Structures are given as C-alpha cells and as structure tokens.
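A short worksheet on the structure shown next.
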Amino acid sequence: MARLVMVIDTKKCVGCMDCVVACKTENHVPEGFNRDWITEAAKGKFPNVNLEIRSERCNHCENPPCVYCCPTGASHIHNYGGVILVDHDVCIGCKACIASCPYDARFIHPEGYVDKCTFCIHRVEKGMDPACVSVCPTHCMYFGDLDDPNSKVSRLLNERKNHALIPEAGTKPHIYYLT
Amino acid sequence: MEELTTTRMNEMIDPILHIWGWEIPVYLFLGGLVAGFMIISGYFTLKGHHKHDYFSSFYLPHVSLAMLSLGMFALFLDLEHKLYVWRLYTTFQITSPMSWGAWILLLVYPALLLNTLVSIPEAFSNRIHLFDKFSEKINRHPYLIKNIGILNMILGAVLGMYTGVLLSGLGARPLWNSSMLWILFLTSGLSAAAAFVHLVTTDHIERVLSAKADNAFLIFELLLFALFIVGMLSSTEAHQNGIHLILTGPYAAVFWVFVIGTGIIIPLIIQLLAVNHKINHTPIAPIMVITGGLLLRFVIVYAGQISHWTRL
C-alpha cells in the first residue's frame, strides 16, 4: 500500500493562502470554515528571530487517534495511500474525533457531520495532485508516496532538514515541513 | 518570544476548542451517579435487604432508570448528526471508548430493570401483570436475586469507569490524559449516589449508613485528587499547563471553592459530625456533594478542551 505524504518547503512558502482558496473551491468548503489554513510561527529574540510560515491541514497520521476513538467507524483509513477520511453517512457528530486530534484539524460541517482535509482523494485517485498542491505559486508543496524511495517526497525528506507537527503526541503525522 | 498566529477560525475549534457544552458534563455526571446507584442498590440486593423497606432497594433502581434516560437524552442533544445516532449500534469499534459505552448502556438497562423487579414498590405493583409475574418468579429463587445484585454492582462499576475512560482516552487533551480519571469519576459517582440516598431516605439506619459510606468515598476522592494533581504536575509541560487551568487558571475558583471546598471538605466535616452524633443530619451536606460532583464534570470537560499540546 502506498503511503501518501505531503512535504511543504517553509523556505518557499509566503503564506499567500492560494492553497486555502483552492481547497475551499475544490471541496465546496462552507463559508466560515477551513480544511487548510496558514500558520505563522515566530520564535526567538531580536536579532535572532525565526519566522516559519506553514500551510497546515489534517496530518493524515499513521497512528490516527481520530480513527481509534470513532464509535461508528465513520473515521477510517482509506485503502489507498493511508489517507484518513470521514464517511459522512456514518458520522453521528459526537465530536470525539475532534477532541482526539492534537492538530484541531477537524470541524463540524453545517450539515452535522465531521469534515476535514481528504488530501483531495477524488483527484489523487485519478493521478492528479491535491488542489492546494497544484495551485501553489511558489511550488512549495510536494505530494507523493513515501514508500517509493525515488519519489520527490522521499528524496526531499532524505536531503533536507525537516520536522512534523507535535511529534510528541505520537500520531506519526504524514505532513512534513522542510526547514 | 514564541508566537503563533493562524488564519483558521473554525466554529467551536477557534480560538479555543469548545465542542462539548453542558450536555456532556451532565451526561457524565448522570452516568456516574447511576453507576453509584447501581453499586449501592446492587449491594443491598446482594445482601438481601430487598426484604426491608429501604429506599436503596425499593426506589433506587427506578430512579436509576429515569436518571440514565435523562443522561442519554443529554448525550443525544449533543450529537450534531442526530438522525444517524442508530449507527452506534450497527458496529462495535473495539478501540473506541464511546462504542464500548454505547453497548455498556444497552446492558445496563436490562440489569436495572431486573433489579426493579426484585422488589416492586406498592405504588407500582399490580399495574403491569408481566412485571408482577417476573417479580414472583425471581423471588422464588434467592440465588437469582444475589446474581442480580452482583450483575448490577459489576455493570455499575463498568459504567462509572467508562465515564472517566471516555475522556482519558483522548490523548490530544493533556488534562484528560490521566489514568486516574476513571477511578476519580467512579468514586465521585459513588459519593454523589450515597449523598442522594442520604438526602432522600426516611430510614434512620439507611441514612447513617449512606452518610458513613459517603464520608469514606469523599476521603478517598480527596486522595485521588491529590494523586491526579501530582501525576499531572510531574508529567510533560503540556500536562502541567493542563492541570494549571484548574489549579491556578480560569477554572481555579470553581474547582477550589465548589468542587473541593463545598463539594468535598465542608460536607465531609458536616457528615463526620453528624455520624458522630455531634449535630443532626442535614440535607445541606448531601446537596453540596451532589453539586460538587456535577461541577467536577463541568470543570474537567471545559478545562480539558482548552488544554493542548504545544504547537510551535
């Protein structure tokens, strides 16, 4: 089984929010909600200040607490690429998955079910990139199979210093940030 | 300096997580209370006290049915996709505490119903022929009555534990992520249940017994709180920040005044004086205990949602 991951180069990301707009358009995300967003993390003391701009979303974790705590099996690991999805017709809206996500990546869709990033699985299964990756004007986002040692994402993660978000939560996130 | 800014502003998620309102603390409180009721009434049934006119034997199983239904209704109100609630019973998810809870609740109802049939109060007898018939059959077999008592005690304990495990299984919220929570909620449920019996019973022996039991539960609860707090303070920075939400942060006043002060210490002193014949039994102490138990769930659920891992 492929292991789909996203690699985001924080040295290239300018926080233009094209990825956010593309996601909203592609997935008809309702007004007032976001499946992906921009975070700016500033650290340090002048003159040694570091600013990291990140495009964030569901981390499609390898050890997903949202899947484990779901009482109906609505949150599940898709058989293609290990992508974490929510079956809207099975979700009861108990919100346990929202509470279990250390990244706060999920929300309640106005229709009542839990919604979040799907890695644009409908596009990926057709061989396309997720909408956010395909529109990025600085080409800072990469998408591919981590199990393929020759994929762009594998090579980037081997060559460049990188980090994931909240690794101490033990969820083994599938989004990596190049620094 | 460390500063995090985000463009995300999802309802109920930002700026702080608040997905569970009053419904979940009420559900957890009523679940714990019923767990305590089941253990107490199960014990009375096991010991053969159903032959006497005790509130715990005669009315507690009925009250439990009503309270549990009320709690489940609160849970139902919290669901965002209400029409799909039946999906809970089309599967069993072994890793999901909520799935376990849904099935446990399904077992609790028949156990409670059986306990109500051990001794039907006069006001309810000769109303439903089937129930009277079952009651007669049960009473012909003393070993069956004992087993009903044991079943209620076991399921009560499991229900009480579940109310804590439901939260402690959510590792993303450091305040909830403690192995002490299940026993803390179970003890608090037992304490509130004993306080309820203390409050409503008209029997002197039962009142003294429930007050003494409640005192023991309250002392044990204080010990558990100490262990819970020490465990959190000696854990990761995220856990320390989580526990400070209730020790010194925005929920400190409610926690120290209403959960610890008027919820445990003051009623414990009053009840210790009462059982030692220094003062008369007063309804104020059990009311304080029950209110403290309810507010404990509010404080833990609300503060727990705010607690989070460091994001930078």
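No experiment lies behind these values; they were computed from the predicted model shown. Every chain is numbered from 1, with letters handed out A, B, ... down the list of sequences.
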Checklist entry - For A:K11, does the NZ atom have more than 12 heavy-atom neighbours from other residues, nucleotides or ligands under 6.0 Å away? => result no
Checklist entry - Among A:G170, A:G15, A:A169, A:C101, who wins on heavy-atom pairs under 4.5 Å with chain B? => result A:C101
Checklist entry - Got a sec: does the CH2 of B:W20 have more than 12 other heavy atoms crowding it under 6.0 Å? => result yes
Checklist entry - What do the steps show when you test B:T7 against A:M17 for side-chain contact (heavy atoms from CB on, under 4.5 Å), and what is the final call? => result CA-CA 9 Å; B:T7 61; A:M17 304 230 305; 3.4 Å; yes
Item to check | Separation of B:I16 CD1 from A:D104 CG (nearest 0.5 Å) | outcome: 11.0 Å
Next on the checklist: Is A:D89 in contact with chain B via its backbone, its side chain, both, or neither, using a 4.5 Å heavy-atom distance?
Outcome noted: both
Item to check | Within 6.0 Å of OH in B:Y89, more than 12 heavy atoms from elsewhere | outcome: yes
Item to check | Per-residue contact mode, A:E168 against chain B (heavy atom under 4.5 angstrom) | outcome: both
Next on the checklist: Let's test your reading of the structure: which of A:C66, A:C94, A:G32 forms the most heavy-atom pairs below 4.5 Å with chain B?
Outcome noted: A:C94
Item to check | Beyond-backbone contact of B:T5 with A:T39, side-chain heavy atoms, under 4.5 angstrom | outcome: no
Checklist entry - So which part of A:C69 gets closer than 4.5 Å to some heavy atom of chain B, the side chain, the backbone, both or neither? => result both
Next on the checklist: Does any backbone or side-chain atom of A:I108 lie under 4.5 Å from a heavy atom of chain B? Answer side chain, backbone, both or neither.
Outcome noted: side chain
Item to check | Residues of residues 163-176 of chain B contacting chain A, heavy-atom criterion under 4.5 Å, by residue number | outcome: B:L170, B:A172, B:R173, B:W176
Item to check | Residue B:Y251 excluded, over 12 heavy atoms near OH under 6.0 Å | outcome: yes
Next on the checklist: With chain A as the partner, which of B:D78, B:T91, B:L75 has the greatest number of non-hydrogen pairs under 4.5 Å?
Outcome noted: B:D78
Checklist entry - Once you round to the nearest 0.5 Å, how far does OG of A:S100 lie from CE of B:M98? => result 10.0 Å
Next on the checklist: So B:E80 and A:K95, do their side chains get closer than 4.5 Å, heavy atoms only?
Outcome noted: yes
Checklist outcome for this item: When the 4.5 angstrom heavy-atom criterion is applied to B:M12 and chain A, the contacting part is side chain
Checklist entry - Taking C-beta and beyond as the side chain, do B:L17 and A:I98 meet within less than 4.5 Å on heavy atoms? => result yes
Checklist entry - Would one find more than 12 heavy atoms of other residues, nucleotides or ligands at under 6.0 Å from atom NZ of B:K82? => result yes
Item to check | From A:F33 atom CZ to B:I13 atom CD1, the distance as rounded to the nearest 0.5 Å | outcome: 8.5 Å
Next on the checklist: Would you say that A:I92 contacts B:L88 through its side chain, given a criterion of any heavy-atom pair below 4.5 Å between the two side chains?
Outcome noted: yes
Checklist outcome for this item: Under 4.5 Å to a heavy atom of chain B? For A:H88 that would be backbone
Item to check | Distance, nearest 0.5 Å, that separates CG of A:L165 from CH2 of B:W309 | outcome: 14.0 Å
Checklist entry - Just how far is it from atom NE2 of B:H81 to atom NE2 of A:H109, taken to the nearest 0.5 Å? => result 9.5 Å
Checklist entry - Would you call B:R8 and A:D36 a salt bridge, using N to O less than 4.0 angstrom? => result no
Next on the checklist: Is B:E11 in contact with chain A via its backbone, its side chain, both, or neither, using a 4.5 Å heavy-atom distance?
Outcome noted: both
Checklist entry - Are B:S96 and A:P71 side-chain neighbours, meaning at least one heavy-atom pair lies under 4.5 Å? => result yes
Checklist entry - Under a 4.5 Å heavy-atom cut-off, does chain B meet the side chain of A:R54, its backbone, both or neither? => result side chain
Checklist outcome for this item: In this structure, CZ of B:F92 is separated from OG1 of A:T72 (nearest 0.5 Å) by 13.5 Å
